[in-house]
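The structure appears right after this line, and notes come after that.
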4 protein chains.
Amino acid sequence: MTDGSMTDIYERRESEARSYCRAFPVSFTKAQNATLTDSAGREYTDFLAGCSSLNYGHNDGDMKAALMEHIMADGVAHGLDMHTTAKEDFLNAFERIVLEPRGMDYKFMFTGPTGTNAVEAAMKLARKTTGRETIVAFTNGFHGMTMGALAATGNAGKRGGAGMALSGVVRMPFEGAMEGVDSLSLIREMLANPSSGIDAPAAFLIEPVQGEGGLNAASAEFLKGLQELAREHGALVIMDDIQSGIGRTGPFFSFEGMGVQPDLIPLAKSLSGMGLPFAGLLIRPDLDVWKPAEHNGTFRGNNHAFVTARVALEKFWADDQFQKQTEAKSAFLTERLSKIASHIPGASLKGRGMMQGIDVGCGEMAAAVCATCFQHGLIIETSGAHDEVVKVLAPLTIPQAQFAKGLDVLEAAVQVHRPATKIAAE
Amino acid sequence: MTDGSMTDIYERRESEARSYCRAFPVSFTKAQNATLTDSAGREYTDFLAGCSSLNYGHNDGDMKAALMEHIMADGVAHGLDMHTTAKEDFLNAFERIVLEPRGMDYKFMFTGPTGTNAVEAAMKLARKTTGRETIVAFTNGFHGMTMGALAATGNAGKRGGAGMALSGVVRMPFEGAMEGVDSLSLIREMLANPSSGIDAPAAFLIEPVQGEGGLNAASAEFLKGLQELAREHGALVIMDDIQSGIGRTGPFFSFEGMGVQPDLIPLAKSLSGMGLPFAGLLIRPDLDVWKPAEHNGTFRGNNHAFVTARVALEKFWADDQFQKQTEAKSAFLTERLSKIASHIPGASLKGRGMMQGIDVGCGEMAAAVCATCFQHGLIIETSGAHDEVVKVLAPLTIPQAQFAKGLDVLEAAVQVHRPATKIAAE
Amino acid sequence: MTDGSMTDIYERRESEARSYCRAFPVSFTKAQNATLTDSAGREYTDFLAGCSSLNYGHNDGDMKAALMEHIMADGVAHGLDMHTTAKEDFLNAFERIVLEPRGMDYKFMFTGPTGTNAVEAAMKLARKTTGRETIVAFTNGFHGMTMGALAATGNAGKRGGAGMALSGVVRMPFEGAMEGVDSLSLIREMLANPSSGIDAPAAFLIEPVQGEGGLNAASAEFLKGLQELAREHGALVIMDDIQSGIGRTGPFFSFEGMGVQPDLIPLAKSLSGMGLPFAGLLIRPDLDVWKPAEHNGTFRGNNHAFVTARVALEKFWADDQFQKQTEAKSAFLTERLSKIASHIPGASLKGRGMMQGIDVGCGEMAAAVCATCFQHGLIIETSGAHDEVVKVLAPLTIPQAQFAKGLDVLEAAVQVHRPATKIAAE
Amino acid sequence: MTDGSMTDIYERRESEARSYCRAFPVSFTKAQNATLTDSAGREYTDFLAGCSSLNYGHNDGDMKAALMEHIMADGVAHGLDMHTTAKEDFLNAFERIVLEPRGMDYKFMFTGPTGTNAVEAAMKLARKTTGRETIVAFTNGFHGMTMGALAATGNAGKRGGAGMALSGVVRMPFEGAMEGVDSLSLIREMLANPSSGIDAPAAFLIEPVQGEGGLNAASAEFLKGLQELAREHGALVIMDDIQSGIGRTGPFFSFEGMGVQPDLIPLAKSLSGMGLPFAGLLIRPDLDVWKPAEHNGTFRGNNHAFVTARVALEKFWADDQFQKQTEAKSAFLTERLSKIASHIPGASLKGRGMMQGIDVGCGEMAAAVCATCFQHGLIIETSGAHDEVVKVLAPLTIPQAQFAKGLDVLEAAVQVHRPATKIAAE
């Protein structure tokens, strides 16, 4: 196989919808922790981590071992939603390691194995239980590509793909999204005014940190205020922790310690631990009014994912070591990004924990930085409404030296592309 | 672990949405080809096959071996939509083994790894390319649970789960669905009448055999007529071969030899070969007008599935042996079911190929038959608007003796539950 | 004023939406009973009657007198929905002359003074009282141009004017609309099948005779069957008698004597008697759950219309003379149209009562016939999905001689335009 | 007739939707300019004026005379949309008296004779011409009760009457609606952000003064800013001047002199001059892309209204005397209301021109004030999301003495109901 033929098959046969492969036009063969290796043997440091699906890195040894043992023993791979040993073990581990220590009481719904499916299940349940249709979603929110979740997604390009109007969602500004506007006050006033034209909402649907929308991080005050508003108006809070959860900001859930108790929590991405398709919805028990199979899906029983997900919980969350390591790495990241950002006039830091980035001011420059990084073996992507944020989403397990080196590459790329005026000024 | 504890964790923690596990209240541990083994070591014959996700049976040895080799070598597990060796090999195999021999020219879109996601992508593309909103779907159709696909799904219980109105879809009777009505003529007249109130459709969305809706099988005449109507009215044909495809009726696609060339073909379920989450959309090349990432999804790069899917193609579809075996088994199935159906007054055979069943006239009886089967070690489920069809969905690879024995169990169960009047009449 | 200047002002200033004036390009000045007079003094017989808004002819002497007396005495013209003597007198007359003799018990809702507004009020009330959204409307139905009613209107051109998708309505074939299809059976089967994809309806919305859709007249059996189905499924029947009611088919309501008791009856057009804007909704008393002003409208108190409407009731409906006259004229019309239709191969009679016409087979011919009629002083229009029905909608009060003469003009026009083949055959 | 029987017929036969009659439980018989007379001969001063439908007062002598002459001469009353002398005369007058002197170039569309119908026509046309669906409407906006216009109306009670979700409209705060929020900036930022989730709008739909929503008056800066935003984003401006236009604020259009050129202007209420049902849509000529009858309506040809509307234009708008008188009365009104408001702590003046009122802080007090006014022969109503604004909507033609006396009644009523704390403080 040559590079030529590789290109051929994708051009001949893969849909134009493909995207990341356009920015990283090589073929990857192997992956270990934070390192990807292409078909020519070249190594890359992964600061994308499957958009936060690989918080524990690629091919964790313990997960691999458990999965191979499962396969070798003819463990059930596909079981619809039948009981299996793997599912049972996962549920027990989730209860024991995640829920109980946090004093959280939720039912786990195995939705179809995609984040969008978990979000759709949450939206349905919010509408069913409240008898209302309107979901309040936020500017720059990203919740998925199927019609229900897409209605809640802000991105115009993605929305345009629907080919028809998207309904059932009202949009409010995320915290800090509109200059000079206190978003929470605005929402409060809009809901308080019976002639505002905003119908009583079934739920607020919000990401604690907007992974695709530019690493906007909501404060505890904002999330608590939203929860209070929700309670006051008989609405639910759906906390979409798909990209921000499973340790990405430090704790298992990104909203831990913020004083909020979401009613519904869609999870996906790093839930399986190893990047296998797996998603779920945590449901406040009294809201779990589903009739059997009222929302279903063929692959809601991905037992391979149950196996690796259980290992991930046991390995990384049995005590607080992993969270502390992440917090240390996050502090390091903040420090490095602050310095890097200082090279660019007007640039600012975005996000929190291990999902931080730099708003470089425009998409062109962010793209140029990422392209230069790739030339130097670093896989990194942008985020934001104008793709103006260079986003660091390294595996949480990345070795410190590799992490530092990756940030060196990023810093060098930023220096290459920093505006001439800045250079002149120095 | 005791049965008690098993029950506990599911009751405590799994959402009420769970369903199959209620009919089969055991915990499965292992699975090989058509045999499932529960935690107590009891064996079951699988006539459900993951709702046609396991056409090649559980844990095919060659797929297992290839997958374990891939994992062992740190092959990429999750790659977003980046190029990987596994993806490339799959695409090459799909082109060489599926498309070229059939003279089919399609682009492959890696959608999120669920059937509903592939259907949503198809609906979006139909709307985008035609500039129209209305999708014509059919009575008893089942296309998925996310809001776009759910609008096209007929089942009232599933629709009710949405909690809001479903839009963009107009409903027409499937072939033979309404007594005394020629469905094709009706659709033709409705579309021909500019005052019918049926807006010009973007597409017809149809399953060649309705897997969930009662094993209703469309004739070649109907599908061809529909395609002609579509061409005439500037609409597309979306042939949902998710449950009926990948060999289930004999050929790779269920509509082969019927004289139709669908514009869009959603695939999922048995696509990965081993029950791993994988879905895709075949797109007529000139309709592939997606902008990069206009429809995307985190798990659209399930590389484990690419590995097993490739092996499945190479092993089962390199020549026509597998198809011939399936046809032989299908004939055997027809023969056995005819005999079994004869025990029940008014019962009739439904479906074709290896997705056949018996309409026993009412859901209560069908449920009773399935429950008795389960007591005798046979996993089998119902289908249809009233769950009135006992559906045989065995793996295509089931050994003949096990197949026959499973049908013996079914026959015995039917005899237990056949109506008293029938017994009296004998 | 010259013809030139007349054309000028309309071309300069009136929207392109104007329509009838294109077919009848003169300016009318006066109108008395069935005769219109243009600005040049030329007289025309009116077989259009304001699309059934002038069932009592133009400028009935008694209505004029009462209206002038009211104006002269400074009677309230506009009263929002405040009580006025004129409103009270109308309501008393409606109760005494319309409701009581027919044993009908309804509340009268003064909606905005347009048919579409009355239909929207009915659709809202059906949805509110049933908690369901879907309204079943029929092929070729015409119910109005505002978004709610337009969703129920079948005509593609009208629907296209919305500029967006129309929702909340499911379409079923009107009686006899689809060749070889028993519409009632089809609807019954669709509603009985829980997987049909047709959500439980709030109401059936139907015109007893489709005035715009081609003069399709429903039979008593069809309407009764529909009512039974509605009762069975907890849905309402909205009988849109806007064009067919107020004596047009003989009795006050077009469905009298058919054994049906509609739940909601929108009325408009001839309700005011003199063509003044006035519409209302008859509501089964237990369904009258409106909160004050929950549906309102500035002109729901057109007191001029109340005055003329009362006079119309007192003059024409105090006994059965008027109905008998209409029935006699209807019989005459049937006889004449039968003869006229016999000139055209394949032509057929449509409609009933004084809303009958001839389906001449194609819109071009129908248009040609109407144009020729206009040249000979007869104003007549077409109806139907292809404008293929030449529709006679004369005032019910038209003098017999003028009626006969108008039909002579029609017959002559038909003979001019009858197909050559027919002539050759003679 | 006794009061008892009067009550009876309304309770027996009029729908519960009736509203104003509940606040004013008498039966009106006559009306002259600003005076209504009930069936007992009692006189009332009208500060409601048909919600601004009677800007020229009740039963203007010249309009009456012209209308009676028209009726006497058998002038066409109902003409669908055929050319009539009355229509032609109206159009000529509208061109000569309204459009030309203001340098305005618009087409006039005769919609159904209700404001909601004109708004629906505008919304359709905006969607048709832009190919977009979203209409941006504003908090507290009121545009009508049919489904299209209702979607743009803010009032929760009215919206709830729909019985289903309302679509196609996005809501933004009116100028000053949200404390501390610059509405225009917010809208600008929302539209500028491609990930805001606000789809590109077809139009902004706004009332220059919100008649029902609490007499909120937009500034020239706001309206101009909105127009600029619209131009920038390819959207139209629909200026709903139904309640605020036809002289209510002084000039013919309420937005005159504010530097805006709306693309579409719905008119109704006082358009006919005498309170007869009449509505229309002014269309920027290049946007007049309607196909014939693409939006139609039976009563779009209310010739009686054409007659009175023409007289109104000729009598009141041939020179600037009427506007100057209104401005003088407006100044007087401002002065009196300021004084009256000073009796109530926290009360504030709302509105402009002859549509001003006092926000008394709560709906209960406003209702009490209006009830007391009615006891003293003054008909006056409330406005606002909480009905907290006592609204003065007197005929513009009200004699100065009667106007002053009515305001005296209002002042006295306010003094009766002013909060005790205020009294104590004095």
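Here is how names work: the chains are called A, B, and so on, in the same order as the sequence lines, proteins then strands, and each is numbered from 1.
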Query raised in the report: Under a 4.5 Å heavy-atom cut-off, does chain A meet the side chain of B:I283, its backbone, both or neither?
Result: side chain

Report task. Can you tell which part of B:T37 gets under 4.5 Å to a heavy atom of chain A, answering side chain, backbone, both or neither? Result -> neither

**Report entry** By ring pair (Phe, Tyr, Trp, His ring centres under 6.0 Å) - contacts of B:F278 (at least two apart)
**Finding:** B:F90, B:F306

Report summary line: When the 4.5 angstrom heavy-atom criterion is applied to B:K291 and chain A, the contacting part is backbone

Query raised in the report: What part of B:L150 lies closer than 4.5 angstrom to a heavy atom of chain A: side chain, backbone, both or neither?
Result: side chain

Query - Side chain / backbone / both / neither for B:L281 at chain A, heavy atoms under 4.5 Å - result: neither

Report summary line: Under 4.5 Å to a heavy atom of chain B? For A:D105 that would be both

Report task. Measure distances from B:R300 to the heavy atoms of chain A and classify the residue's part below 4.5 Å as side chain, backbone, both or neither. Result -> side chain

Requested in this report: Could you tell me which portion of A:H58 (side chain, backbone, both or neither) has an atom closer than 4.5 angstrom to a non-hydrogen atom of chain B?
Outcome: side chain

Query raised in the report: Just checking, is any N or O donor in the side chain of B:S15 or A:K107 under 3.5 Å from an acceptor N or O on the other one?
Result: no

**Report entry** Portion of B:F94 that has a non-hydrogen atom of chain A nearer than 4.5 angstrom
**Finding:** neither

Report summary line: When the 4.5 angstrom heavy-atom criterion is applied to B:I71 and chain A, the contacting part is both

Query raised in the report: Is there a donor-acceptor contact under 3.5 Å linking the side chains of A:T29 and B:T85?
Result: yes

Query raised in the report: Do A:S27 and B:E88 meet the criterion of a side-chain donor-acceptor pair at a distance under 3.5 Å?
Result: yes

Report summary line: The interface call for B:T114 against chain A, heavy-atom contacts under 4.5 Å, is both

**Report entry** Atom group of B:H295 that falls short of 4.5 Å from chain A, counting heavy atoms
**Finding:** both

Report summary line: One option among A:G148, A:A293, A:A77, A:G144 has the most heavy-atom pairs under 4.5 Å with chain B, and it is A:A293

**Report entry** Contact class of B:L36 relative to chain A, heavy atoms under 4.5 angstrom
**Finding:** side chain

**Report entry** Contact class of B:R13 relative to chain A, heavy atoms under 4.5 angstrom
**Finding:** both

**Report entry** A:E69, CD: over 12 other non-hydrogen atoms inside 6.0 angstrom
**Finding:** no

Query raised in the report: Out of A:E120, A:M147, A:K124, which one pairs with B:T146 under the side-chain contact (heavy atoms from CB on, under 4.5 Å) rule?
Result: A:E120

